[in-house]
Amino acid sequence: MQLSALEIVRRESLQKLRELGINPYPAEEFKTTTTIKQITSNFNNFEGKEVVLAGRMMSRRIMGKASFAELKDASGRMQIYVNRDEISSEENPTMYNTVFKKLLDMGDIIGVKGIVFKTNVGEVSVKVKELTVLSKSLRPLPVVKTDADGKVHDAFSDAEQRYRQRYVDLIVNDHVKETFIKRTKITNSIRNFFNERGYLEVETPILQPIPGGAAARPFITHHNALDMPLYLRIANELYLKRLIVGGFDAVYEFSKDFRNEGMDRTHNPEFTVMELYVAYKDYNWMMRMTEELLEKVAIDSNGTSEVQIGEHTVSFKAPYPRVPILEAIKIHTGYDVAGMKEDKLKDVCRKVGIEVDDTMGVGKLIDELFGEKCEHHYIQPTFITDYPKEMSPLTKEHRTNSDLTERFELMVNGKELANAYSELNDPIDQRERFEDQLKLSAKGDDEAMFIDQDFIRALEYGMPPTSGIGIGIDRLVMFMTNNASIQEVLFFPQMKPEKKAIEMTDDEKVVFNILKSNTPILLNDLKSQSGLSNKKWDKTIKGLTRNKLASVNNTDTGLFVELT
RNA sequence: GACCUGGUAGCUCAGUUGGUAGAGCACCUCCCUUUUAAGGAGGUGGUCCUGGGUUCGAGCCCCAGCCAGGUCACCA
């Protein structure tokens, strides 16, 4: 492995620490007495008291016999004051002069014991009496500095590096950590809301023989012992409804779903959806539940129901308007498409500038009209209701209009945040709807839809009237944390692998280094300079030429080796 | 999948018509006992994403590729 100069220095420091009898990676528990946030937010209670802290050293300002450093623990950052005569003495200044000033680096993890005080300029600090090395850091961190005006300098901002090395991102970019803390607050808030109502959190299979509950391309894998294909789930709907059949009144699951489709700033191949099913409820009830839930989530995570999303301030305060989808299309296109057949709908689409083709049925056309002409208008939370039957195969027919279904999507900031319905529980109707979907997909859709016979069998035993909802958790977190990209709310978004550098053996490195300073060179000179045996030499030079790092050329003046 | 933009030191970025690869921070040496983007003096550090090509000469121009970001398409 090729080490940078900075890495070599740190490895040398590591060695010197060991020579001084200091274990750079000690095994012992390090007992802290408090956290940085406790101290900085309750200075009066801590002033003059002794504390023990542990954390990462994020910066260091050395001023001869005294220094300041910034210590960062899981709760925050604070300054520590390190004085030669406090952690060592004039007669034996090793701990300060050598260990602290020379052998420690930014990024090292240390423990300190000392007294809380305020400096002349008023900064809360700890005067260190004892310093313990807890873990030596061998790679230099990016140096992010914030000036007196709060302006950040040299921010570690390259998206690729931040996502590939999220640990570095988390160390140096405090706001990133905040996003993920908020993410957990959001899911905790939802769990609390449901648990208080007695809803049961459950787990259902991720590996499924039939990927159902949505129209999406699945990932496929293979089970060796069963010698059969298995799919990673694209939704958990059909399993949760089986549990309602089984007699649970309300079940929910935070589920990682997987869809083998395009990736962009709002789509990751694996993502999280919270699905909830409650027996004896309908979609009207679900709307009331949803607005109550989201208002609570906003307050629990942000302290207020008003949330800034990009350039908009969005209010999650309940209630939210209910707009039937056909009404929305009438408002935003001027066309009343209620009851229209495929041909007339296509005319409308063409008139408003939407391209149509033969594979599009009534449902798809209405979906296009809404998606293109209406969706982006709904910035404030709005329930779009009563979708056409054709685009909702798992939804109960509308109680007053058999062309429609009892379904709503919740739109926020022009995007779908949740999708819910009065669940279809008529097993015969359900089978027909699945078959209709199959016909549709035969029309040209490449997402094969499977009929889950066991799911229909379950419905045949009888499922109570039930309302269900799926809430996109990543999208919800994006809204609540004002992030425009899903990658910002996933710790480890999917990335293509980094290209592997060609690894050289030790012998190859030796020869390569000689070549670097002297190329081309006579083959025999290179061989003798390398000091390798005949066999090793042969293996090494063949390795280098195979990897196209060097080449051997037969010329009039002899055999030469040169770098390529 | 198409198009646009980018990839240069540990980090953030300059880099002239194609002519010895730069700055700030970090790092190393030295000075400095309440500083704070600490300061002062000196110094080290490079696979210019990869591979070809053009050229006396390529970070720069051409071709192909890799990775990322963005826009669109596809997709809920």
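In the text below, chain A, chain B and the rest are named by the order of the sequence lines, each starting its count at 1. Computed from a predicted model, the values in this text were never measured in an experiment.
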Worksheet item: The side chain of Lys145(A) lies closest to which of these nucleotides: C75(B), C67(B), C25(B)?
Response: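 Closest nucleotide to the Lys145(A) side chain: C25(B).
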Worksheet item: U33(B) P sits how many Å from Glu90(A) CD, rounded?
Response: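 My rounded result for the distance is 11 Å.
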Worksheet entry | Nearest-nucleotide comparison on RNA chain B, the residue closer to the 5′ end among Ser59(A) and Ala66(A) |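 Nearest nucleotide further toward 5': that of Ala66(A).
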Worksheet entry | Length of the line joining Met78(A):CE and U35(B):P, which is rounded to integer Å |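 In whole Å, U35(B) P and Met78(A) CE are 16 Å from each other.
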Worksheet item: Is it true that the side chains of Tyr96(A) and Ser67(A) contain a donor and an acceptor less than 3.5 Å apart?
Response: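 Checked: Tyr96(A)/Ser67(A) side chains pair up, N/O donor to acceptor below 3.5 Å.
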Worksheet item: For atom P, what is the distance between A26(B) and U36(B), given to the nearest Å?
Response: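 Looking at atom P only, A26(B) and U36(B) are 14 Å apart.
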Worksheet item: Below 4.0 angstrom from OP1 or OP2 of A38(B), is there any side-chain N or O of Arg61(A)?
Response: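 True: Arg61(A) side-chain N/O within range (under 4.0 Å) of A38(B) OP1/OP2.
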Item to complete: Check whether any side-chain N or O of Gln487(A) sits under 4.0 Å from OP1 or OP2 of A68(B), and answer yes or no.
Response: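 Looking at the OP1 and OP2 atoms of A68(B), neither is under 4.0 Å from any side-chain N or O of Gln487(A).
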Worksheet entry | Pairwise 5' ranking along RNA chain B for Asp147(A) and Arg60(A), keeping only the more 5' one |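 Looking at the nearest nucleotide for each, Arg60(A) comes out on the 5' side.
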Practice prompt. Would you classify Glu86(A) as touching base, sugar-phosphate or nothing, given that sugar-phosphate means primed atoms plus P, OP1 and OP2, and contacts are heavy atoms under 4.0 Å?
Written response: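 No contact.
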Fill in: side-chain hydrogen bond (donor to acceptor under 3.5 Å, both in side chains) partners for Thr266(A), two or more places apart
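Partners of Thr266(A) under the side-chain hydrogen bond (donor to acceptor under 3.5 Å, both in side chains) test: Asp264(A).
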Discussion item. What's Phe117(A) touching, base or sugar-phosphate or nothing? Going by heavy atoms closer than 4.0 Å.
Written reply: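 Contact class for Phe117(A): base.
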Practice prompt. Write down the distance between NZ (Lys496(A)) and C1' (A68(B)), rounded to a whole number of angstrom.
Written response: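 So the NZ-C1' distance, Lys496(A) to A68(B), works out to 11 Å.
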Practice prompt. May I ask you to say what Lys102(A) touches in the nucleic acid, namely base, sugar-phosphate or nothing, with a heavy-atom cut-off under 4.0 Å?
Written response: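 Answer is sugar-phosphate: Lys102(A) comes under 4.0 Å of backbone atoms only.
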Item to complete: Please measure how far the C1' atom in A58(B) lies from the corresponding atom in U16(B), and state the result in whole Å.
Response: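 Result for the C1' pair: 15 Å, nearest Å.
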Item to complete: Send over the distance from Glu12(A) CD to U29(B) P, rounded to a whole Å.
Response: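 Spelled out: CD on Glu12(A) to P on U29(B) is 10 Å.
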Discussion item. To the closest 0.5 Å, what do you measure between CD (Glu261(A)) and CZ (Arg217(A))?
Written reply: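 Output value for this atom pair is 6.0 Å.
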Item to complete: Can you spot which of Tyr378(A), Tyr283(A), Phe408(A) makes a side-chain contact (heavy atoms from CB on, under 4.5 Å) with Phe383(A)?
Response: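 When side-chain contact (heavy atoms from CB on, under 4.5 Å) is applied between Phe383(A) and each of Tyr378(A), Tyr283(A), Phe408(A), only Phe408(A) qualifies.
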Item to complete: Compute whether any side-chain donor of one residue and acceptor of the other, for Gln494(A) and Asn268(A), lie under 3.5 angstrom apart.
Response: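 On atom types as modelled, these side chains do not qualify, holding no pair under 3.5 Å.
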Nucleotide N/O to protein N/O under 3.5 Å, stretch nucleotides 9-14 of chain B:
{"unit_1": "C11(B)", "atom_1": "OP1", "unit_2": "Gln161(A)", "atom_2": "OE1", "d": "3.1"}
{"unit_1": "C11(B)", "atom_1": "O2'", "unit_2": "Asp154(A)", "atom_2": "O", "d": "3.3"}

Practice prompt. Look at the side-chain N and O atoms of Arg265(A) and state whether any lies under 4.0 Å from the OP1 or OP2 oxygen of U71(B).
Written response: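 For Arg265(A), the contact criterion (side-chain N or O under 4.0 Å from OP1 or OP2 of U71(B)) is met.
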Worksheet item: How far, in whole Å, is G15(B) from G59(B) if one measures between their P atoms?
Response: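 Those two atoms are separated by 16 Å.
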Practice prompt. If G18(B) has a Watson-Crick or G-U wobble mate with both distances under 3.5 Å, name it; if not, just say none.
Written response: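 Partner of G18(B): none.
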Item to complete: State whether the distance check finds a donor on one side and an acceptor on the other, under 3.5 Å, for side chain Gln79(A) versus base U35(B).
Response: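 Checked by distance alone, the answer is yes.
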Discussion item. Under 4.0 Å between a side-chain nitrogen and a carboxylate oxygen: does that hold for Arg139(A) and Glu7(A)?
Written reply: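 Salt bridge: yes.
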Worksheet entry | Charged N-O contact under 4.0 Å between Glu368(A) and Lys364(A) |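 Yes.
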Discussion item. For Ser125(A) and Glu123(A), which I'm curious about, is there any donor-acceptor pair between the side chains at under 3.5 Å?
Written reply: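 No, no side-chain donor-acceptor contact under 3.5 Å.
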Worksheet item: In whole angstroms, how far is the C1' atom of C75(B) from the CD1 atom of Ile486(A)?
Response: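 Interatomic distance, CD1 of Ile486(A) to C1' of C75(B): 14 Å.
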Worksheet item: Now, which nucleotide makes the Watson-Crick or G-U wobble pair with G42(B), with each of the two distances under 3.5 Å?
Response: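 Partner of G42(B): C28(B).
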Discussion item. Less than 4.0 angstrom between a side-chain N/O of Lys101(A) and OP1 or OP2 of U33(B), yes or no?
Written reply: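 No, no such contact exists.
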Worksheet entry | Separation of the P atoms in C66(B) and U54(B), to the nearest angstrom |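 Looking at atom P only, C66(B) and U54(B) are 23 Å apart.
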Item to complete: Can you tell me the distance, in whole Å, between the CD atom of Glu160(A) and the C1' atom of C66(B)?
Response: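 Answer to the nearest Å: 10 Å.
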Discussion item. Work out how far the C1' atom of A14(B) is from that of C25(B), and round it to whole angstrom.
Written reply: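 The answer is 15 Å between these two C1' atoms.
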Worksheet item: Which is true for Lys127(A) with a 4.0 Å heavy-atom rule: it touches a base, it touches only sugar-phosphate, or it touches nothing?
Response: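 Base: the residue Lys127(A), judged by heavy atoms under 4.0 Å, touches a nucleobase.
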Discussion item. Any salt bridge linking Lys129(A) with Glu86(A)? Criterion: basic side-chain nitrogen under 4.0 Å from a carboxylate oxygen.
Written reply: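 Salt bridge present between Lys129(A) and Glu86(A).
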Practice prompt. Take the protein atom CG of Asn268(A) and the nucleotide atom P of G69(B), then report the distance between them rounded to whole Å.
Written response: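 About 11 Å, once rounded to whole Å.
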Fill in: Pair His175(A) and Phe180(A), ring centroids less than 6.0 Å apart
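Here the rings of Phe180(A) and His175(A) have centres that are no less than 6.0 Å from each other.
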Practice prompt. Determine which nucleotide pairs with A37(B), using a 3.5 Å limit on both distances of a Watson-Crick or G-U wobble pair.
Written response: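 The base-pairing partner of A37(B), which may sit in any strand shown, does not exist here.
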Worksheet item: Who is the Watson-Crick or G-U wobble partner of C61(B), with both distances under 3.5 Å?
Response: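 Matched C61(B) with G53(B) under the 3.5 Å cut-off.
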Worksheet item: Between A26(B), C67(B), U33(B), which one does the side chain of Tyr81(A) approach most closely?
Response: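 My answer, after comparing the listed nucleotides, is U33(B).
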Worksheet item: What interatomic distance, in whole Å, is found between P of U8(B) and the corresponding atom of C13(B)?
Response: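 After rounding to an integer number of Å, I get 10 Å for this pair.
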Worksheet item: Rounding to the closest angstrom, what is the interatomic distance between G10(B) and G46(B) at atom P?
Response: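 These two P atoms come out 8 Å apart once rounded.
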Item to complete: State the pairing partner of A68(B); accept Watson-Crick or G-U wobble contacts with both distances under 3.5 Å, and report none otherwise.
Response: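 For A68(B), the partner nucleotide comes out as U5(B), under the 3.5 Å rule.
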Worksheet entry | Whole-Å P distance, G24(B) and C63(B) |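 Result for the P pair: 36 Å, nearest Å.
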Item to complete: Counting heavy atoms from C-beta on, name the nucleotide in U36(B), A68(B), A38(B) closest to the side chain of Met63(A).
Response: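 Among the listed nucleotides, the one closest to the side chain of Met63(A) is A38(B).
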Worksheet item: What is the distance from CG of Leu103(A) to P of C27(B), rounded to the nearest Å?
Response: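 Value for this atom pair: 14 Å.
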Discussion item. Counting only side-chain heavy atoms from C-beta out, which of G69(B), C74(B), U35(B) sits nearest to Asp264(A)?
Written reply: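 Closest nucleotide among those given: C74(B).
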